[in-house]
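Working notes for the structure below.
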Amino acid sequence: MATVSHSLLPLLFFARVSGLAVAVLVLFWPLAFKSSFLTPSLSQQDLIYAVLHPLLMVIGFILLSGEAILVHRWLPGSRGLKKLVHLGLQGVALASGIFGIWTKFQGKDGIVANFYSLHSWMGLVCVSLFGVQWLMGFLNFWHRGEMRRVRIRILPWHVFLGLYTYALAIATAETGLLEKLTFLQTKRNVPKRSTESMLVNSLGLALALLSAFVIMVAVSPKYQTLQTKFFYSDTTFSS
């Protein structure tokens, strides 16, 4: 049973604090600023979709995928258990991302009207890559018929694509916040120094801090050494 390195405890703590701040801010925004966040002319169904999209993409997709990355560091138990929890959390995150994008397909102006911006393009690419990553992880780390040397060959790409996709998700969320804030300031006359503007900026900063702490934990030199030894010596699923 692996133990958490004391040097990583502060990073894990700040990752959780940042994640909690992100969750609180993304929940508080539409509740506290309904008049500007939501378009009054929208139907009840469209209003629900408008709120669900940021919740699913930030809390469901980003926070859960980040937690899945951290699982290997804090979860006690066997390697198989950690893999199972990691795969499960990533699966829920993928489902949240797909459903989050689906909510934008339900817009009253049609599909094209909701997928014209850099934010929307990055979102589609990010969720698609995430799906490929999840499938690659499932096939190469859980399929009992795979050869051990195949898993060893795939591991660096699995790690790279996982961290790249997570960083891309953060960048996509940041472009979404910028897009929404620009719309509020130009179309809804929300002042640049208003409480809502500061809240959105704080949410963007919290996301940036969250990604920094999660990635720092993942690329910790000591952790990478242990992970490399673990995967190269793992014979549990060898054929």
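The shortest side-chain heavy-atom distance between Phe61 and Ile101 does not fall under the 4.5 Å cut-off. In this structure, Val22 and Leu209 have side chains that are not in contact, with every pair of non-hydrogen atoms separated by 4.5 Å or more. Considering only heavy atoms from C-beta on, Ile69 stays 4.5 Å or farther from Val217 through its side chain. Taking the side chain as every heavy atom from C-beta outward, Trp74 and Leu8 never approach each other to under 4.5 Å. Put simply, the side chain of Ser65 reaches to within 4.5 Å of the side chain of Gln90, judged on heavy atoms. Under the 4.5 Å side-chain criterion, counting only non-hydrogen atoms from C-beta, Glu67 is in contact with Arg16.
Cluster annotation: Val127 is connected to Leu124 through the hydrophobic network of ILVMFWY side chains, with a link wherever side-chain heavy atoms come within less than 4.5 Å. Hydrophobic clustering, with ILVMFWY side chains joined whenever heavy atoms are under 4.5 angstrom apart, keeps Val24 apart from Leu56. With hydrophobic clusters built from ILVMFWY side chains whose heavy atoms lie under 4.5 angstrom apart, Leu47 shares a cluster with Phe183. Cluster annotation: Val159 and Val219 are assigned to the same hydrophobic cluster (Ile/Leu/Val/Met/Phe/Trp/Tyr, side-chain heavy-atom contacts under 4.5 Å, transitive). No chain of hydrophobic side-chain contacts below 4.5 Å, direct or via other Ile, Leu, Val, Met, Phe, Trp or Tyr residues, connects Leu12 to Leu20.
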Leu161 and Phe130: CA distance, side-chain angles, deciding distance, side chain to side chain contact (heavy atoms under 4.5 Å, CB included) verdict: CA-CA 8 Å; Leu161 186 57; Phe130 195 92; over 6 Å; no
Residues Leu184, Glu196; criterion side chain to side chain contact (heavy atoms under 4.5 Å, CB included); working and verdict: CA-CA 9 Å; Leu184 292 175; Glu196 185 171 7; 3.3 Å; yes
Side chain to side chain contact (heavy atoms under 4.5 Å, CB included) between Ser197 and Val190, worked out: CA-CA 8 Å; Ser197 296; Val190 173; 3.8 Å; yes
Side chain to side chain contact (heavy atoms under 4.5 Å, CB included) between Leu38 and Val51, intermediate numbers included: CA-CA 8 Å; Leu38 301 174; Val51 174; 3.8 Å; yes
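For the pair His53 (side chain) and Gly100 (backbone), a donor-acceptor distance under 3.5 Å is present. Of the possible donor and acceptor atoms, one in the side chain of Thr175 sits under 3.5 Å from a partner among the backbone N and O of Thr172. Trp29 places no side-chain N or O within donor-acceptor distance of the main-chain N or O of Val200, the cut-off being under 3.5 Å.
Aromatic ring pairs are classed by plane angle as parallel below 30°, tilted from 30° to 60° and perpendicular above 60°; the pair His86 and His72 is tilted. Ring pair Phe14/Phe213 is parallel by interplanar angle, where below 30° counts as parallel and above 60° as perpendicular. Classified by interplanar angle (parallel below 30°, tilted 30° to 60°, perpendicular above 60°), the ring pair Trp102/Phe99 is parallel.
Across every non-hydrogen atom of Gly19 and Leu210, the tightest pair is N-CD1, 3.8 Å. Listed here is the closest heavy atom pair of Ala167 and Ile215: CB-CD1, 4.4 Å. What you find for Leu63 and Ala23 is that their closest heavy atoms are CD1-CB, 3.9 Å. Glu174 and Ala208 get closest at one heavy-atom pair: OE2-N, 3.7 Å. Lys180 and Phe37 get closest at one heavy-atom pair: NZ-O, 2.9 Å. Residues Ala206 and Ser18 come closest through the heavy atom pair O-CB, 4.2 Å.
Taking CE from Met122 and CG from Leu118, the interatomic distance works out to 5.5 Å, rounded to the nearest 0.5 Å. The CG atom of Leu181 sits 10.0 Å away from the CG atom of Leu199 when rounded to the nearest 0.5 Å. Between Leu94 atom CG and Leu64 atom CG the span is 11.5 Å, to the nearest 0.5 Å. One distance of note links CG of Leu75 with NZ of Lys82; it measures 6.5 Å at 0.5 Å rounding. For the atom pair CG (Leu52) and CE (Met57), the distance works out to 12.0 Å, reported to the nearest 0.5 Å. Between Ser36 atom OG and Arg188 atom CZ the span is 7.0 Å, to the nearest 0.5 Å.
Aromatic rings from Phe115 and Trp121 are positioned such that their centres are separated by 6.0 Å or more.
Remark: the Thr165 side chain and the Gln133 side chain contain no N/O donor-acceptor pair separated by less than 3.5 Å.
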